[in-house]
Asks: 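The structure that follows is given in the form of structure tokens.
Only a predicted model underlies this, so the values are computations on that prediction, with no experimental measurement involved. All residue numbers in this chain count up from 1 along the given sequence.
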Amino acid sequence: MKKIILIFSCLIFGFYYTQTDEKLTTQKTIDAILESAEKIYLTNSDKSLKLFLKAHNASKKIDYKKGILQSNGFLMRIFHEKGEDEKTIEYSYETEKIATKPTDTEYLAGAYIQRGISFSYLNHFDESYKEFQKAIETIKKYPEKDKQHYHMSSVYESLVSCYYAPIKAPQDTILTYLKKSLWEAEQIDESIDNIHPDKKYDMISYLNMDIGMFYAGVHKPQRLDLAEQYLKKSLSIINNRKFTKIKINKIPILNALGRFYVEQEKYSNAIEHAYEVLKLEKKQKSPNDRMVAYMVLTNSYEGLNRKDSLIKYMALYTNISDSITHFKSQGSNNLIKKTNIKREENYNSNLQKIILFSSALALIMILGGLFLWKKNKSILHKKYRAIINEIKVEEKSKSKSQDPIQDKGIAITDATTKNLLEKLAKFESSKKFLKKEVSRVYVANYLNTNTRYLSDIIKEYRGKNFNNYINGLRIQYITEMLYNNPVYREYKISFLAEDCGFASREVFAVVFKKETGVTPSYFISQLKNDSKETEL
């Protein structure tokens, strides 16, 4: 009997140790997969995604918590970069569910931050704010001060870009949080091994970029001197420091500089940075970054009056912008559906409930689609009415008085400003803006001034850059012609485009919608409908 017990015991222990060894071997394999995936994360996004998913699924099979948490951290980021934020949120909830120990606080804070970012991209800003507050409370529990500084810097920056900026918070609030974020990053002690210096300087570079873009695009009045200072410092850190621990993503700062140089009308510099983005983005596969690069190229070629390139990149920008908007809308709707389904976790147990739920959902979707269609139709009609009202107001105020001279913060004397505004008003009534050859130099010569004064006056008193100003005048002209002259409503779009100075119907159509919110064909069809109703 003792021999039987001994043999049985040996078999059990042997089985246990065999299983443990196999598990350890599997864990080592998973760790190796994770290490490989992390190495190629910035250079081959698609391949790294497959590896992280492989590690995640293998970790779940053997209940390897560390593998799940590590893979989730990267999966959340990759799916966000691909525009699939509902998947990011899904993995963040999984992380929150299993990150229960004090040693898991970094993973938990990371899940809150990434979820906050994704909620923001899906336009759920209140939910986004709540997630960032959870992250802050979690980070405060870190025992290591340097990790606390690093992650607090990250969450402050995310609060700005994903909450305060989208809700158009006061500029002082935005600047305060950006500088708090930069301060936190600068406090990281490089002599301690908690946070590698590479991560510190990557963060500092990114924040310099954010502050630079703030001074260029948000701060009133603009501080282009400070903007360029911060942006150049950001790129300098990336170019001059040898990063050994992490792969650096240059795309955000390159896009930021591209947009800055477009604003400065330094189009060659902007184009150079945009092409570098597209080259890097081929490997990283980030639609949002590609969209920004296309936008920079579109605006740059418009500024240089290079029509072929303008049409090419405007089409690319429009296509990817529409795709991303559709993806976000779809993701937001799916998120709402999944949230509702989670509240009724037991519905699978009853087939009848599933049928009823599916039928109800189908009905809701049909009614919802009808509602959205009607709502969209209503929005378009309001925009159409706004154009008509604007035309009527413009016609009543043809003899409007000279723009009042205000302290606009530009280095031009009041006398010169008054003179230029008078000449600008004459230019606007002369219809010379309809000529295809109109350029900044042409208008500057017409006003007998230099291009810098011209740009400053247009920007401060018309609220636009030169190209948008000319496009706005052309669209205003053609909408008035369509409204006042029914014959124009019978012309082809190509004729209307040429009549108001555009080189092609494609560019005309895009600019028309940008300026008015509706397409030329919609505007014309509504004018015809109004005309029929008046006749009746």
Side-chain angles (χ1 to χ4, degrees), residues 262 265 267 295 298-315 317-318 383-384 386-395 397-398 400 403 420-421 423-447 451 454-455 457-459 461-527:
V262 166
E265 297 173 3
Y267 300 120
M295 179 184 70
T298 298
N299 291 333
S300 297
Y301 284 123
E302 184 181 13
L304 293 171
N305 202 28
R306 288 172 53 181
K307 302 298 182 183
D308 291 344
S309 297
L310 168 62
I311 292 169
K312 173 185 174 181
Y313 285 105
M314 185 175 284
Y317 169 74
T318 303
K383 288 178 179 177
Y384 164 74
I387 302 166
I388 301 301
N389 292 335
E390 192 175 328
I391 292 171
K392 290 178 180 178
V393 170
E394 187 66 28
E395 288 181 345
S397 57
K398 287 291 184 184
K400 60 184 177 182
D403 298 277
L420 289 176
L421 285 171
K423 291 180 178 179
L424 196 64
K426 288 180 182 177
F427 169 75
E428 291 167 355
S429 62
S430 71
K431 303 294 187 291
K432 290 185 182 295
F433 55 80
L434 298 177
K435 295 183 177 182
K436 289 181 182 178
E437 65 270 19
V438 165
S439 65
R440 190 177 287 99
V441 174
Y442 174 92
V443 179
N445 289 337
Y446 181 85
L447 271 59
T451 55
L454 172 67
S455 294
I457 288 291
I458 290 174
K459 187 168 188 178
Y461 286 88
R462 298 296 184 260
K464 299 179 178 181
N465 64 32
F466 177 80
N467 292 312
N468 289 339
Y469 166 69
I470 295 297
N471 285 342
L473 290 175
R474 289 171 171 174
I475 298 303
Q476 181 184 341
Y477 162 81
I478 205 67
T479 53
E480 288 176 0
M481 292 301 293
L482 287 164
Y483 177 73
N484 293 315
N485 192 345
V487 174
Y488 262 67
R489 300 169 202 168
E490 306 304 323
Y491 292 145
K492 292 182 178 180
I493 300 296
S494 56
F495 173 84
L496 299 177
E498 187 175 354
D499 188 60
C500 63
F502 287 96
S504 73
R505 58 171 291 164
E506 291 82 8
V507 174
F508 168 71
V510 171
V511 174
F512 192 100
K513 186 170 183 182
K514 179 182 175 183
E515 289 289 327
T516 65
V518 301
T519 62
S521 55
Y522 178 85
F523 183 69
I524 292 168
S525 66
Q526 290 302 304
L527 283 172

Asks: Could you tell me which residues satisfy ring pair (Phe, Tyr, Trp, His ring centres under 6.0 Å) with Phe433, sequence neighbours excluded, listed by chain and number?
Replies: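 Residues passing ring pair (Phe, Tyr, Trp, His ring centres under 6.0 Å) with Phe433: none at all.
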Asks: Val438 versus Arg474: any side-chain heavy-atom pair under 4.5 Å?
Replies: yes
Asks: For Lys513, enumerate each residue passing the salt bridge (charged side-chain N to carboxylate O under 4.0 Å, His left out) test, keeping only those at least two apart in sequence or located in another chain.
Replies: none
Asks: List in chain and number order the residues that pass ring pair (Phe, Tyr, Trp, His ring centres under 6.0 Å) with Phe508, two or more places apart in sequence or in another chain; answer none if no residue qualifies.
Replies: Phe502, Phe512
Asks: State the OH-CG distance between Tyr317 and Leu310, to the nearest 0.5 angstrom.
Replies: 13.0 Å
Asks: Of all heavy-atom pairs between Val262 and Tyr267, which one has the smallest distance, and what is that distance?
Replies: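 Scanning both residues, the minimum pair turns out to be O-CE2, 3.9 Å.
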Asks: Considering non-hydrogen atoms only, spot the tightest contact between Ala509 and Pro520 and give its length.
Replies: CA-CG, 4.1 Å
Asks: Can you name the side-chain hydrogen bond (donor to acceptor under 3.5 Å, both in side chains) partners of Ser521, sequence neighbours left out?
Replies: Thr519
Asks: Measure the CD1-OH distance between Ile524 and Tyr491 for me, rounded to the nearest 0.5 Å.
Replies: 12.0 Å
Asks: Under the side-chain hydrogen bond (donor to acceptor under 3.5 Å, both in side chains) rule, collect the residues that match up with Arg505, sequence neighbours excluded.
Replies: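 side-chain hydrogen bond (donor to acceptor under 3.5 Å, both in side chains) check on Arg505 returns nothing, list empty.
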Asks: Quick check on Lys459: does its NZ atom have over 12 non-hydrogen neighbours (other residues, nucleotides or ligands) under 6.0 Å away?
Replies: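 Enclosed.
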Asks: Applying salt bridge (charged side-chain N to carboxylate O under 4.0 Å, His left out), name anything that partners Glu265, two or more places apart in sequence or on another chain.
Replies: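 Salt bridge (charged side-chain N to carboxylate O under 4.0 Å, His left out) list for Glu265, sorted by chain: Arg440.
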Asks: If you round to the nearest 0.5 Å, how far is CG of Leu473 from CG of Asn468?
Replies: 11.0 Å
Asks: Checking Ser430 now: which residues fulfil side chain to side chain contact (heavy atoms under 4.5 Å, CB included) with it, not counting sequence neighbours?
Replies: Phe427, Lys432, Tyr446
Asks: Within the distance-only criterion (no hydrogens, no angle test), does the side chain of Arg489 pair as donor or acceptor with the backbone N or O of Tyr483 below 3.5 angstrom?
Replies: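 A pair under 3.5 Å: yes.
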Asks: What distance separates Ser494 OG from Glu506 CD, expressed to the nearest 0.5 Å?
Replies: 9.5 Å
Asks: Side-chain contact, heavy-atom cut-off 4.5 Å: Tyr301 with Lys312?
Replies: no
Asks: For Asn471, give me all partners under side-chain hydrogen bond (donor to acceptor under 3.5 Å, both in side chains), at least two apart in sequence or on another chain.
Replies: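 Here the qualifying residues are Glu302.
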Asks: If I take atom CD1 from residue Ile457 and atom CG from residue Leu424, how far apart are they, to the nearest 0.5 angstrom?
Replies: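 Here the rounded value is 8.0 Å.
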Asks: Provide the closest heavy-atom pair for Ser504 versus Ala497 in the form atom of the first, atom of the second, distance.
Replies: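 In terms of heavy atoms, the two residues are closest at O-CB, 3.8 Å.
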Asks: What's the shortest heavy-atom distance between Leu454 and Ala444, and which atoms?
Replies: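 Heavy atoms of Leu454 and Ala444 come nearest at CD2-N, 3.7 Å.
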Asks: How long is the span from the CG atom in Asn305 to the OG atom in Ser439, to the nearest 0.5 Å?
Replies: 7.5 Å
Asks: Start with the C-alpha distance between Ile388 and Phe523, add both sets of side-chain angles, then the distance that settles side chain to side chain contact (heavy atoms under 4.5 Å, CB included), and finish with yes or no.
Replies: CA-CA 10 Å; Ile388 301 301; Phe523 183 69; 4.0 Å; yes
Asks: Sequence neighbours excluded, which residues qualify as side chain to side chain contact (heavy atoms under 4.5 Å, CB included) partners of Asn485?
Replies: Met481, Val487, Tyr488
Asks: Scan residues 490-504 for pairs that pass salt bridge (charged side-chain N to carboxylate O under 4.0 Å, His left out), counting only residues two or more places apart or in two chains.
Replies: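 For residues 490-504, and leaving out neighbouring residues, the salt bridge (charged side-chain N to carboxylate O under 4.0 Å, His left out) pairs sorted by first residue read Glu490-Lys528.
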Asks: Are Tyr477 and Glu428 linked by a side-chain donor-acceptor pair shorter than 3.5 Å?
Replies: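 Glu428 and Tyr477 do not have a side-chain donor-acceptor pair below 3.5 Å.
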Asks: List the residues meeting side chain to side chain contact (heavy atoms under 4.5 Å, CB included) with Glu515, not counting sequence neighbours, and say none if there are none.
Replies: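 Glu515: side chain to side chain contact (heavy atoms under 4.5 Å, CB included) contacts with Lys464, Ile475, Val511.
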